[in-house]
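Convention: sequence-line order gives letters A, B, ...; per-chain numbering from 1.
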Amino acid sequence: MSVFDRYEMVCGVETHVELATKTKIFCGCTTEFGGEQNTHVCPVCLGLPGVLPVLNREVVNLAIKAGLALNCEIAEFSKFDRKNYYYPDLPKNYQTSQYDLPICKNGWLMIETAEGQKKIGITRAHMEEDAGKLVHGGETITTSDESYVDYNRTGVPLLEIVSEPDMRSISEVLAYLEQLVQILEYTEVSDCRLEQGSVRFDINVSLRPRGSTELGIRTETKNLNSFSSVRRCMEYEIARQAEVLDAGEKVVQETRTWDEGRGITLSLRSKEEAHDYRYFPEPDLVPMVIDREWVEEIRKTLPELPAARRERLQILGLSAYDAEVITSSKGLADFFDKALRQCEDAKSLTNWVMGDFTRLLKANEVSVVDSPISPEQVAEMVNLIEKGTISGKIAKSVIEEMFATGKDASVIVKEKGLAQISDESALIKIIDEVIAANPASVEDYRAGKERAIGFLVGQVMKASKGQANPGLVNKLLKERLG
Amino acid sequence: MELTAKSAAELHTLLESREISAVELTKAFIERINAIEDKVKAFMTLTEESALMQAAEVDAKLSRGDKLRPLEGIPMALKDNMCTEGVRTTCSSKILENFVPPYNATVAELLRQAGAVMLGKLNMDEFAMGSSTENSAFHVTRNPWDLERVTGGSSGGSAAAVVADQAVFTLGSDTGGSIRQPAAFCGVVGMKPTYGAVSRYGLIAFASSLDQIGPFTKDVRDNALVMNAIAGHDPKDSTSVPYDKPDYTKFLLNDIKGLKIGIPREYFGQGIDTEVDKVLRQALATLGSLGAEVEECSMPHTEYAMPAYYLIAPAEASSNLARYDGVRYGYRTEDSEDIISMFKKTRAEGFGSEVKRRIMLGTYALSAGYYDAYYLKAQKARTLIKQDFDRVLEKFDVLVAPTAPTVAFKFGEKSTDPLAMYLSDVCTVPLNLAGLPGITLPAGFAGGMPVGLQLMGKPFDEGTLYRVAYTFEQNTDFHKAKPAFSGEVA
Ligand SMILES: [Zn+2]
């Protein structure tokens, strides 16, 4: 019997996403990833005595943009607060964040589930600064003789997006996260480089007996940085909580941490040990008044969001699945849209973009934005197929060549003489040779074995080094054997 | 008159007429400091070498025949909570004993650009917490009027250095009276500008929403000159206000006819020393005789200022001072087992008792379950106090009050009783809560010690305060009096 027959899971997620600004939230230091330790720092982000923060307006712009894309209300009056706690990666021993007046609240996004569309509420989204990175001599800060701090990341702007506890299954959670990341990427609010830790998830999970409407006691597992960790962590945490409940015991309300190596969650601190962050309004910054004109200016810069884009592609004749794949990243969707502008056959273009083009990107480990061939070049190649200049089979080698050299398809076809043979007299010559060389198959065909024609077409293609127009070969063969 | 006793305005004339060189002037101050510093102990750090280099630059300019700006070549010193690039900045705390900032506070930068010559950094109560400079982790500063008495605080070094002629002017910071109270105790002019008028960038924070930098000078004119150099909007300080900065010397008019002066009766009640009260009544009579319309008024929420201040300031301080943990700079404990014990021991060993007391008060006031009862309530009281000011300042141009309830007290007199010490700020704290400007100037003597007259004004109306102060000064001689100590050494 599955855990889910007995219990219903309730999940809400807090997502911390790095905003795609060039400089940090309160100083002029670069937000660039990497760099030698403690080189992207200044007195302000190091929290030296006497320094003061100055808010980067671009952070507010991006927060508003994210809020609009997530259907949030944008606050007219918002402020920063100090969240006080001691940790060596936090230079001031307080984090400048937002407490009771976040910039965005009451939003939602739509996910696809097996039962259809489902709305997931967004409670709030607020701006805050990131902390630095600790490097321990040993395992942890308490067991190491020495630890080092890299403050390059300190002060990188973050948006913390808090969902409602609206998700009821792991697949819903993953769908929510995928949607969220997609929207943030589409709006260019964040680069969403998960592998660099620029998106982190805190997962709140509780179980309750099926049919119950009361919320169970939840745990919060912090700092997950990939979808697969989220899935594994939730599987573990659900099983663990179910075991506790099955034994008639109570789940302890606590903060937990995910051990990726061992695939388990561990208790970090209980509710009783929870920090008292002693929030109070940040006196070094003035409150923000966000007038509606500002919000409308930003609304104008919102791009077409993934859901709208999927709908548009389906109207063009793409299947739901294909539209989903094409819009899975903004880069791919933009590439597709550009190619489509110069290509008549959307379906064929879809197949090439999702097929060989994507395969080549993966094989060469390049992202779509760094593709060595342009959308226009792919469009031209697809057009050559549609015009009958090259066959689909030839096209496979042409796109490889394009990828390797960056040359246009038409140039490659010309240089290598790859144009399809559609000249009937030239084809008849080859066909006659094939008929003469394969009397047995000719007999079979004439005896009514339709399949034999396929073999003969193949032989013609082979003899023509793949350049014969296969449709024409088929037609001519049948006539000759008639 | 000794060179070191002259005002910036007088010295400027001497420099421009080439009667003295800037190097000579700086040397005179270094000699003066060396001669009396043993007794006064106003300084934390001296920067003789760089001072002489700065002075030499001014002389080079003079020899080219260039005009000098008003503060060019004028020797001054800064309270040791203003960051100075390459010059240690301690906040008179063991925890920052060896801290050398890699950057300049905006005021330090502005004075450098104005050509003023920095002689050094001045003693203070640790992290500006105190009213007597007895809380310095290193030494006390003595009041030149009576070496057995305190200078007041927290900017005690800034006040003493000016009256002892160790600097022409100094800067201090005022969170609850830390410029005005020591200026009054030492008999000099001290201005706490409107919150947001002078940049706080590089001022090591005590209570961010209250801290404000201002000048200590020998007279009102010098004060206006220094304000001209340091005031104005700073993009590095989000709380600094973009406003049209006037030329403050334009307000130095010997005329207050028709100005409306309010006397808030709550400031003259219980706890004001009778001698002090007498001096102030006389000062009010003088202002009246000079043509001002003097009238009593009421600010009923004044009594809530002290409790509100002692919740808000420690609350902000508890957070501002959290960064001193031994991880990045400053003092770090010698022996610790782990990160938690390093934090705890570093702070236990690095901070003095008054700083610890205020961190604990502030932490408590912000704690879950107490926030509403303490911090939030204090903020509400702050609003009411501000409204009191708004209301009376609709009717009056300037308010007059004592700067401190007593004259400078003796060492040890209040240092064992924090509450008694806190009460010496009772007349200065409300203005910080309201964010308004205030100036103190010498108004007479009680028992041989100076008494300060406090003028409080409208936001960004430092000009009118200068006008009233200048008129009073022009018609009295109190600012000319010098401590006997001064002659004793000369
Ligand atoms: Zn920085």
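- For a residue to count as touching a neighbouring chain, one of its non-hydrogen atoms must lie under 4.5 Å from one of that chain's; by this rule B:Ala207 does not touch chain A.
- With a 4.5 Å cut-off on side-chain heavy atoms, B:Pro235 and A:Val54 do not count as touching.
- Heavy-atom distances place both the backbone and the side chain of A:Pro88 under 4.5 Å from chain B.
- The nearest pair of heavy atoms linking B:Cys83 to A:Pro49 is SG-O, 3.5 Å.
- Of the atoms belonging to B:Ala105, not a single heavy atom falls under 4.5 Å from chain A.
- Here CZ of A:Phe280 is found 13.0 Å from CG of B:Leu376. Values are rounded to the nearest 0.5 Å.
- Contact tally against chain A (heavy-atom pairs below 4.5 Å) for B:Leu203, B:Leu96, B:Leu210: the top residue is B:Leu203.
- Options A:Leu285, A:Val286, A:Leu48 differ in how many heavy-atom pairs under 4.5 Å they form with chain B, and the most are formed by A:Leu48.
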Polar pairs (donor with acceptor) under 3.5 Å from chain B to chain A:
| residue | atom | partner | partner atom | Å |
| --- | --- | --- | --- | --- |
| B:Tyr103 | OH | A:Pro49 | O | 2.6 |
| B:Tyr103 | OH | A:Val51 | N | 3.3 |
| B:Arg200 | NH1 | A:Asp284 | OD1 | 3.3 |
| B:Arg200 | NH2 | A:Asp284 | OD1 | 3.0 |
| B:Gly202 | N | A:Gly50 | O | 2.7 |
| B:Ser208 | OG | A:Asp284 | OD1 | 3.3 |
| B:Ser238 | OG | A:Pro53 | O | 2.9 |
| B:Ser319 | OG | A:Arg82 | NH1 | 2.9 |
| B:Ser319 | OG | A:Asn84 | OD1 | 2.9 |
| B:Asn320 | OD1 | A:Arg82 | NH1 | 2.8 |
| B:Asn320 | OD1 | A:Arg82 | NH2 | 3.1 |
| B:Ala322 | O | A:Asn93 | ND2 | 2.8 |
| B:Arg323 | NH1 | A:Gly47 | O | 3.1 |
| B:Arg323 | NH1 | A:Leu48 | O | 3.1 |
| B:Arg323 | NH2 | A:Tyr94 | OH | 3.2 |
| B:Asp325 | OD2 | A:Asn93 | ND2 | 2.8 |
| B:Arg328 | NH1 | A:Tyr151 | OH | 3.0 |
| B:Arg328 | NH2 | A:Pro91 | O | 3.0 |
| B:Tyr329 | OH | A:Gly47 | O | 3.2 |
| B:Arg347 | NE | A:Tyr86 | OH | 3.3 |
| B:Arg347 | NH2 | A:Tyr86 | OH | 2.9 |
| B:Ala368 | N | A:Asp276 | OD2 | 2.7 |

